[in-house]
Amino acid sequence: MKKHNFSAGPAILPQSVLEQAAAAIRDFAGTGLSLLEVSHRDKEFDAVMAEARELAKKTYGLGDDYEALFLQGGASTQFCMVPFNFLPDNDTAAYTDTGEWASKAIKEAKLFGNVNVLGSSKESNYTFIPKGYTVPNDAAYFHCTSNNTIYGTQMHEFPDTAGVPLICDMSSDLYSRVIDANRFDLIYGGAQKNLGPAGATLVLVKKSLLDKTVDRKIPSMLDYRVHIKGGSMYNTPPVFATYVCLLTLRWIESQGGLAAVEKMNREKAALLYNEIDSNPLFNPVCKVEDRSFMNVTFTIAKPELEEGFLAAAKTASLVGIKGHRSVGGFRASLYNALTLESVQALVDVMKDFAQKNG
């Protein structure tokens, strides 16, 4: 029976991407070697890296004033790499605290300079996105997290920073919707949601931001300028993960680009949220205006039925809907490659379970 993969990450990838990646493991680009054993200095992989970096920019409508990097260490390394490069010792960076990952980014930034938390929803268990704040014009930069995988909230609008560099962790909604990426000075995210497998981290950085790099000495592996000069190959890059990212970016293009992908994602989210709102056995978690299109969180009105619902989901081949341990309940991640058919399968289980246990 087909598995319906709602896992939060590492997450579902397009079937065609998996098939192409599997073929490259057997024989990469006609070399007679596996992708897992070719040198990253070979011309065949050099072409992969060049196309991946260019397509990562093109898909977001970014031009030559941006650089794209495929690095390692996940978004968690970017939590320190951003302030290491752009937050002077005695300056202040502005952050919003919208979830566990935003909180960790704040923690890392405090090691390098001062942090001004402009808004937080922590006291409400991160069930909404803070609004109504003003970004100070003397901030070194403003950092936000666009989508909160654990709690199921998403920024649907970004603040006007009035010239203050705008930096965003987009790990869990990279390439899921149309955005004006040119508004951002740096976008980063782990690949393992919408872009590829675990192991690659994408960074899109505006070249002019690099003029604001701090005076402190920065270790080579944490210096964006070093990685740009090395073409994302200062050290051995995540070869397989980068190749899969390239295949996924090609897949997005084949679907009609981000406008088409966003349309599909909105349809999936609407189908599931409509069921949660209309089914008396299930309750939404987040404020309506801040609901994520990527990670849908919900609870059950009768907690004693939670394990029973998970068992019913397992029987129907629904994978990965158990909520994060810090939140409980359920979470369905609706990443790009998940089909409407899979969401309908979840909705059908919810309807059937409510009829039997309502």
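Open room surrounds NZ on K58; 12 or fewer heavy atoms of other groups in view lie less than 6.0 Å from it. Other residues, nucleotides and ligands contribute over 12 non-hydrogen atoms within 6.0 Å of the CG atom of D89. Enclosure of atom NZ in K212 is not indicated, since only 12 or fewer non-hydrogen atoms of other residues, nucleotides or ligands lie within 6.0 angstrom. Under a cut-off of 6.0 angstrom, the local environment of CD in E123 is sparse, with at most 12 non-hydrogen atoms contributed by other residues, nucleotides or ligands. Open room surrounds CZ on R325; 12 or fewer heavy atoms of other groups in view lie less than 6.0 Å from it. For N90, the CG atom counts as loosely surrounded, since its 6.0 Å shell holds 12 or fewer non-hydrogen atoms of other residues, nucleotides or ligands. In this structure, K43 places its NZ atom where only 12 or fewer heavy-atom neighbours from other residues, nucleotides or ligands lie under 6.0 Å away.
Taking the side chain as every heavy atom from C-beta outward, Y335 and N194 approach each other to under 4.5 Å. Here the side chains of R177 and F293 are not in contact, with every heavy-atom distance at 4.5 Å or above. The side-chain heavy atoms of L186 and Y141, taken from C-beta on, include no pair separated by under 4.5 Å. Counting heavy atoms from C-beta on, the side chains of L71 and M81 come closer than 4.5 Å. Within the 4.5 Å cutoff, the side chain of T213 has no heavy atoms near those of the Y224 side chain. Residues K193 and T149 are in side-chain contact: their nearest non-hydrogen atoms beyond the backbone lie under 4.5 Å apart. The shortest side-chain heavy-atom distance between V327 and Y151 falls under the 4.5 Å cut-off. The closest side-chain heavy-atom distance from H4 to T339 is not below 4.5 Å.
Between Y126 and the options D97, T153, V285, a side chain to side chain contact (heavy atoms under 4.5 Å, CB included) holds for only D97.
Inspection of the N295 and S333 side chains reveals an N or O donor paired with an N or O acceptor under 3.5 Å. A donor-acceptor pair shorter than 3.5 Å can be found between the side chains of S172 and N147. Side chains of N116 and T92: no donor on one and acceptor on the other come within 3.5 Å.
Checking side-chain atoms of H156 against main-chain N and O of R291 turns up a donor-acceptor pair under 3.5 Å. In this structure, the side chain of S34 engages the main chain of I25 through a donor-acceptor pair within 3.5 Å. Without hydrogens or angle criteria, K207 side chain to D64 main chain gives a donor-acceptor distance under 3.5 Å.
Remark: aromatic rings of F28 and Y243 are close, center separation under 6.0 Å. Checked against the 6.0 Å centroid criterion, the rings of F45 and H40 do not qualify as a close aromatic pair.
Taking the salt bridge (Lys or Arg N to Asp or Glu O under 4.0 Å) definition, one finds that D42 meets it with nothing, sequence neighbours left out.
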Before you tell me yes or no, could you show the steps for N265 and S176 under side chain to side chain donor-acceptor pair (under 3.5 Å), namely the whole-Å CA-CA distance, both residues' side-chain angles and the distance that decides it to 0.1 Å?
CA-CA 7 Å; N265 287 335; S176 67; 4.8 Å; no
Run the numbers on N148 and T98 for side chain to side chain donor-acceptor pair (under 3.5 Å), then give the verdict.
CA-CA 7 Å; N148 300 289; T98 53; 3.3 Å; yes
Is there a side-chain contact (heavy atoms from CB on, under 4.5 Å) between I129 and Q154? Walk through the geometry before answering.
CA-CA 7 Å; I129 297 291; Q154 187 175 30; over 6 Å; no
Please lay out, stage by stage, how F84 and E108 fare under the test side-chain contact (heavy atoms from CB on, under 4.5 Å).
CA-CA 9 Å; F84 213 151; E108 296 298 301; over 6 Å; no
Step by step, work out the side-chain contact (heavy atoms from CB on, under 4.5 Å) result for M233 and R41.
CA-CA 9 Å; M233 291 195 283; R41 299 297 181 185; 3.8 Å; yes
What do the steps show when you test Y234 against M221 for side-chain contact (heavy atoms from CB on, under 4.5 Å), and what is the final call?
CA-CA 8 Å; Y234 170 72; M221 279 297 291; 3.7 Å; yes
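The line from CZ of F6 to CD1 of I12 is 8.5 Å long, rounded to the nearest 0.5 Å. For the atom pair CG of L195 and OG1 of T59, the computed distance is 9.0 Å after rounding to the nearest 0.5 Å.
D169 and K104 are not joined by a salt bridge, as no carboxylate oxygen comes within less than 4.0 angstrom of a charged side-chain nitrogen. Classification of E157 and K131 as a salt-bridged pair fails, no side-chain N sitting under 4.0 Å from a carboxylate O.
A perpendicular orientation is assigned to the rings of F330 and F282, their planes being inclined by more than 60° (bins at 30° and 60°).
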